[in-house]
Student: 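My structure is below; once you've seen it, I'll send some questions.
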Protein chains: 2
Amino acid sequence: MGPTEGDQSCLVSKLRHFVELSEQDNELLIRFEEEQREYKKRDLVRAEGDPIEDLFVVKKGWFIGYTTLPNGKRQVHRLYLPGDLIGTHEVVCERATYDVAATSDGILCPFQKIGLRHVFSNSPRLTALLYSIEALEQVAQDDRFRAVARMDATGRLSYLLLQIVSRLRLTEDNMHDRLKLLINQELIGDMLGLTGIHVNRTLKYMKEIGLIDRTGSVITLLQEDRMKELASFDDRHYKIDTSWFPPLIE
Amino acid sequence: MGPTEGDQSCLVSKLRHFVELSEQDNELLIRFEEEQREYKKRDLVRAEGDPIEDLFVVKKGWFIGYTTLPNGKRQVHRLYLPGDLIGTHEVVCERATYDVAATSDGILCPFQKIGLRHVFSNSPRLTALLYSIEALEQVAQDDRFRAVARMDATGRLSYLLLQIVSRLRLTEDNMHDRLKLLINQELIGDMLGLTGIHVNRTLKYMKEIGLIDRTGSVITLLQEDRMKELASFDDRHYKIDTSWFPPLIE
DNA sequence: CGGTTTTTTGAAAGGGCTCAAGATCCGTGG
DNA sequence: CCACGGATCTTGAGCCCTTTCAAAAAACCG
């Protein structure tokens, strides 16, 4: 049923969480995952300033979108996990606003930006869904922003871990309270406005006070509730209001 | 021609900067500004958790979207200026994710969220434009995020001032290098992850080193170039790539 | 197994915060 | 038009979280 390797599309399986898809929608979506490209850890997918022709669906592995400031500091704007779309908000730009790279080995499915025109012209409902994904991402970004702007290191890290776990749960069935981070501490710092060094110290501290356990890059959330409180974390990933969507036509 | 008071719609005049609109699009857009409501400084427009039924076009005055953390700290997620749309990314939620309030006297034009269905069903092109606005907002948020996460107070403030001026220039013809902030220093701090007190000190410092001049809340940018460098500011507001838009049909 | 990447730890410095209090501005009522 | 009270802006002093710089230990990879 899926386009490749017998796996079903993680994009489709993720979107199904949000809204009922018609057969036609399904067909449009599957097209997004026809081609696939492999990447190795640290590979650059595309650089800031590159013309934007393709978007990507993450099929496997973790990827980041980041920029480097003139002073050498780095800011990781987005972490892309399997099932995520890369570049949805950049279609409005002629050129990429940041670099994208693999933080682990992985696979991306590129599809042409122009392909979106089909969706916009032929499926109002799917368009609304795309719009919603975009909007949902903003909500998530807002939450992260709040964490970075207004919480200390423990709060920020709690937030990030909860967010990642919550997102992984959407596509991985066996995702409970343990995860392997496919991104190093330096980059985690760059997501949270912290130093890699301080990320390390904070993880150590979180282990000391019993919030998490950790062996290498494998982390276990021991007190998810307390972490949620620390980060005022509200899991928003399951709710899309579709009441305003154009009606579903089979 | 405009719906009210002989003024033309600031939404339309803003969108015109980005893309050519058909007559039909125009008519759809004008509907968004049929009704209007007046607000006084500090009025709450709607609270976090309220059901989302309306979106708003800002007709006059400044507004903010913000949340308050359990520890009492506040985070201003968005600053809305005339011509901006409030709530575009929250249509996906059943309930508002943050409070919206007026930071000055102002006027909003509310329109029903359901009204978007018309747009999505009838104008692929306008839908693409809405999508683009949404996406552009993300780009802007990313930039602010980077400033907050990776720059010191001077950089953050430079960024914010440049951003506001740049946005005001889209709708105000006589906007040059002087602006009156319709938002107090405390709230500026809440936008940038700083204390109001430190905003004050930093503004003082910026005046001392000649970046700006200031009398009360009226600020003059004396060295815009230097500030742009400090904040690695890239003005992205004029460029929308419409190459992938569904074709314009008159 | 050797080189590279990543993690870990220490000591010192710094930017922004907190707390507190005074000065100014501004809208409102008399 | 003036006086009053709340909102906002200013300024000072000390503290604290995070950064910097440096370097060692550990993990990873071919």
Side-chain angles (χ1 to χ4, degrees), chain A residues 40-43 62 64 69 71-76 101-105 147-158 180-209 212-219 230, chain B residues 39-43 62 64 69 71-76 101-105 147-158 160 180-209 212-219 230:
Chain A
K40 294 207 295 186
K41 187 176 179 180
R42 260 174 251 109
D43 277 356
W62 292 18
I64 54 170
L69 307 214
N71 61 20
K73 299 195 181 198
R74 187 171 43 191
Q75 172 61 29
V76 172
T103 63
S104 72
D105 294 353
V148 169
R150 286 303 182 205
M151 297 181 193
D152 63 16
T154 309
R156 295 185 208 182
L157 264 163
S158 296
K180 182 173 173 56
L181 294 175
L182 299 183
I183 175 177
N184 68 34
Q185 296 177 2
E186 187 74 30
L187 289 172
I188 291 177
D190 290 335
M191 293 190 69
L192 298 176
L194 295 170
T195 298
I197 295 172
H198 202 243
V199 168
N200 182 273
R201 285 195 243 264
T202 306
L203 286 174
K204 185 183 166 194
Y205 170 73
M206 289 172 74
K207 183 170 174 177
E208 277 167 18
I209 64 173
I212 61 172
D213 191 23
R214 182 168 72 92
T215 315
S217 55
V218 176
I219 291 190
L230 268 173
Chain B
Y39 294 88
K40 294 208 295 188
K41 188 176 179 179
R42 262 174 249 107
D43 277 355
W62 291 18
I64 54 171
L69 306 215
N71 61 20
K73 299 192 183 201
R74 188 171 42 192
Q75 172 61 30
V76 172
T103 63
S104 72
D105 294 353
V148 169
R150 286 303 183 204
M151 297 181 193
D152 64 15
T154 308
R156 296 186 206 182
L157 265 162
S158 296
L160 184 64
K180 182 172 173 55
L181 294 175
L182 299 183
I183 177 177
N184 68 35
Q185 295 177 2
E186 187 74 31
L187 290 173
I188 292 176
D190 290 336
M191 293 190 69
L192 297 176
L194 295 170
T195 298
I197 295 171
H198 202 245
V199 168
N200 182 274
R201 286 195 243 265
T202 307
L203 286 174
K204 185 182 166 194
Y205 171 72
M206 289 172 75
K207 182 170 176 177
E208 276 167 18
I209 63 173
I212 61 171
D213 192 22
R214 182 169 72 92
T215 316
S217 55
V218 176
I219 292 190
L230 267 172

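Just so we're on the same page: letters track the sequence lines, and every chain starts at 1. Fair warning: this is a prediction, and the values are worked out from it, not measured in the lab.
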Student: Would you tabulate the nitrogen or oxygen pairs shorter than 3.5 Å linking the protein to nucleotides 1-3 of chain C?
Tutor:
none

Student: Can you name the closest pair of heavy atoms from A:Trp62 and A:Ile183 and give their distance?
Tutor: CZ3-CG2, 3.6 Å
Student: Are any of A:Lys73's side-chain N or O atoms less than 4.0 Å away from OP1 or OP2 of D:dT20?
Tutor: yes
Student: So, A:Arg156 side chain and A:Leu194 main chain: donor-acceptor pair closer than 3.5 Å or not?
Tutor: no
Student: Does A:Arg42 reach a base, just sugar-phosphate, or nothing at all? Heavy atoms under 4.0 Å.
Tutor: sugar-phosphate
Student: What integer distance in Å separates A:Glu186:CD from C:dT8:C1'?
Tutor: 13 Å
Student: In which ranges does DNA chain D form stems of 3 or more consecutive Watson-Crick or G-U pairs, distances under 3.5 Å?
Tutor: C:1-30 with D:1-30
Student: To the nearest 0.5 Å, tell me how far A:Glu186 CD sits from A:Ile197 CD1.
Tutor: 7.5 Å
Student: Taking all non-hydrogen atoms of both residues, which atom of B:Val199 and which atom of B:Leu157 are closest, and how far apart?
Tutor: O-CD1, 4.0 Å
Student: Output the distance between atom CG (B:Asn184) and atom NZ (B:Lys41), rounded to the nearest 0.5 Å.
Tutor: 7.0 Å
Student: Phosphate oxygens OP1/OP2 of C:dT8: is one of them under 4.0 Å from a side-chain N or O of A:Lys204?
Tutor: no
Student: Sorted by first residue and then second, give each side chain to side chain donor-acceptor pair (under 3.5 Å) pair with at least one member in residues 195-209 of chain B; sequence neighbours left out.
Tutor: B:Gln185-B:Asn200
Student: Expressed as a whole number of angstroms, how long is the span from A:Ile183:CD1 to C:dT5:C1'?
Tutor: 15 Å
Student: To the nearest 0.5 Å, how far apart are CG in B:Leu187 and CD1 in B:Ile64?
Tutor: 4.5 Å
Student: Enter the distance from B:Leu160:CG to B:Ile188:CD1 here, rounded to the nearest 0.5 Å.
Tutor: 6.5 Å
Student: Give each protein N/O atom lying under 3.5 Å from an N/O atom of nucleotides 24-30 of chain D, with the pair distance.
Tutor:
none

Student: Expressed as a whole number of angstroms, how long is the span from B:Tyr205:OH to D:dT10:C1'?
Tutor: 19 Å
Student: Holding to side-chain contact (heavy atoms from CB on, under 4.5 Å), I want the full list of residues that pass it with B:Leu230, two or more places apart in sequence or in another chain.
Tutor: B:Thr154, B:Ser158, B:Leu211
Student: Just grab all the salt bridge (Lys or Arg N to Asp or Glu O under 4.0 Å) pairs involving residues 187-198 of chain B, residues at least two apart or on different chains.
Tutor: A:Arg150-B:Asp190, B:Arg74-B:Asp190
Student: Using 0.5 Å steps for rounding, measure from the CG atom of B:Asp213 to the CE atom of B:Met206.
Tutor: 12.0 Å
Student: Just how far, in rounded Å, is P of C:dG16 from CZ of B:Arg156?
Tutor: 7 Å
Student: Roughly how many Å is it from CG in A:Leu203 to P in D:dT18, rounded to a whole number?
Tutor: 13 Å
Student: Assign A:Arg214 to base, sugar-phosphate, or nothing according to its heavy-atom contacts below 4.0 angstrom with the strands shown.
Tutor: sugar-phosphate
Student: Specify the residues of residues 189-202 of chain B, ordered by number, for which at least one heavy atom lies under 4.0 angstrom from an atom of DNA chain D.
Tutor: B:Ile197, B:Asn200, B:Arg201
Student: Tell me: CE of A:Met151 to P of C:dG16, nearest whole Å?
Tutor: 20 Å
Student: Between P on C:dT5 and CG on A:Leu182, what's the gap in Å once rounded to a whole number?
Tutor: 19 Å
Student: Which whole-number value in Å describes the distance from A:Leu157 CG to D:dT18 C1'?
Tutor: 13 Å
Student: Establish, with yes or no, whether the OP1 or OP2 oxygen of D:dT10 is under 4.0 angstrom from a side-chain nitrogen or oxygen of B:Gln185.
Tutor: yes
Student: For B:Ser217, what residues pass the side chain to side chain donor-acceptor pair (under 3.5 Å) criterion, not counting sequence neighbours?
Tutor: B:Lys180
Student: Got a second to check how far B:Ile212's CD1 is from B:Leu203's CG, nearest 0.5 Å?
Tutor: 5.0 Å
